[in-house]
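First the proteins, then the strands, lettered A, B, ... as listed; each starts at 1.
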There are 2 protein chains.
Amino acid sequence: MCGSFRRTARALTQMYERALRPSGLRATQLTILQVLVRAGEVSQGRLGEMLAMDSTSLTRTLAIMRRAGWIAERRGEDRRERRVRLSSAGEAKLRRALPAWERVQARLRGKLGQREWGSLLKLTHHVTEIARTQGGLP
Amino acid sequence: MCGSFRRTARALTQMYERALRPSGLRATQLTILQVLVRAGEVSQGRLGEMLAMDSTSLTRTLAIMRRAGWIAERRGEDRRERRVRLSSAGEAKLRRALPAWERVQARLRGKLGQREWGSLLKLTHHVTEIARTQGGLP
DNA sequence: CCAGAATAGATGTATATACATCTATATTGC
DNA sequence: GCAATATAGATGTATATACATCTATTCTGG
């Protein structure tokens, strides 16, 4: 199952990133921008939880995005935290990238059909939750 | 959908690799060994197709596995090709790793249920095929 | 209040992965 | 048969990702 998901993730990433290439955004970066739109300002650790990604892996990705000016960071009240949020440049970047993103996504949804599309979103979420809780326990 | 698959793939990879850590195999490496058991000797390009992975990405992963002694390589009749196959050390490595892999997989299957498990395998395969054919076309 | 434990990220290191480009070989059109 | 073209991988470069370990900060028991 892990292999199946990894294979599909590779295939989808190639398809989506091909569509996104003109915008200069990678799949992970666009996902982070989208999350920040909905979540507002969050700590790096919280962002990692939302993405099921090791929070220290985000250190590098967020540094790239901060250098590009798409996000802004500041220290939290807890000074160990780094709190990130969308910058206006990031908002603009996302807005310009979304049409291509939505085109490729709509085409996939068309090929899959509404029923399978919905099933997949539900199932992937379910699997993520299971893996999240099982992963930690031996 | 791309983001969902990538998130789930990360979560699953963390879970599976945690179980595989004593064996020293990464998820991708175990997948390759399993594919080679079934496929016998294949070219690097063909292996890339089976995994939906860019064949030049395999250059590095296969080099690691060859150094570790898990696979053997030779030139094909077409001298541009590299044909890879499981070595006996790779077979042994896989055999020792499989129990842990099967335990984590069985636990996940139990949590998901047989019906969802089967749906997921079918759906991920379907999505891979769609992405594979759509990815190339504008 | 303070020493020890816990937590949030930063950093070092390794693998995974893609694409552009380069090289070696093969195929093809004439 | 050879020049032009196509193909299989190798290599350079960039991002993605995890974990172990380190540092700075916070929390907690006494």
- Query: Given that A:Ala11 and B:Arg26 both sit by DNA chain C, which one's nearest nucleotide is further toward the 5' end?
  - Reply: B:Arg26
- Along DNA chain D (nearest heavy atom to each residue), the more 5'-positioned of A:Thr28 and B:Arg46: B:Arg46
- When you match A:Ile64 and B:Gly45 each to their closest nucleotide on DNA chain D, which lands nearer the 5' end? B:Gly45
- Query: Heavy-atom contacts under 4.0 Å between residues 48-60 of chain A and DNA chain C, which residues?
  - Reply: A:Thr56, A:Thr59, A:Arg60
- Task: Would you kindly say whether B:Thr13 and A:Arg6 are connected by a side-chain donor-acceptor distance under 3.5 Å?
- Result: yes
- Query: Would B:Thr61 and B:Gln29 count as having a side-chain donor-acceptor pair, cut-off 3.5 Å?
  - Reply: no
- Nearest-0.5 Å distance that lies between atom CG in B:Leu25 and atom OH in B:Tyr16: 14.5 Å
- Taking atom OG1 of A:Thr28 and atom CG of A:Leu51, what is their separation to the nearest 0.5 Å? 8.5 Å
- From the list A:Arg67, A:Arg85, A:Arg82, salt bridge (Lys or Arg N to Asp or Glu O under 4.0 Å) with A:Glu73 holds only for A:Arg82
- Message: What range of DNA chain D does chain B touch, first nucleotide to last, counting atoms under 4.0 Å from its heavy atoms?
- Response: D:dA6 to D:dA20
- Message: Does A:Glu17 reach a base, just sugar-phosphate, or nothing at all? Heavy atoms under 4.0 Å.
- Response: nothing
- Query: Heavy atoms under 4.0 Å, any strand shown: does B:Ser43 hit a base, just sugar-phosphate, or nothing?
  - Reply: sugar-phosphate
- Message: Tell me whether B:Glu41 is salt-bridged to B:Arg74, with the criterion being a basic N under 4.0 Å from an acidic carboxylate O.
- Response: yes
- Query: Is there a path of hydrophobic side-chain contacts, each under 4.5 Å between heavy atoms of I, L, V, M, F, W or Y residues, that connects B:Trp117 with B:Leu120?
  - Reply: yes
Is the shortest side-chain heavy-atom distance between [X] and [Y] below 4.5 Å?
X	Y	value
B:Ser4	A:Leu121	yes
A:Gln34	A:Leu94	yes
A:Leu33	A:Met65	yes

List every contact pair, protein side and nucleotides 24-28 of chain C side both N or O, where the distance is under 3.5 Å.
from, atom 1, to, atom 2, distance (Å)
C:dT25, O2, B:Arg80, NH1, 3.3
C:dA26, OP1, B:Arg79, N, 3.1

- Count the heavy atoms belonging to other residues, nucleotides or ligands that lie under 6.0 Å from CZ of B:Arg75, then report whether that count exceeds 12. yes
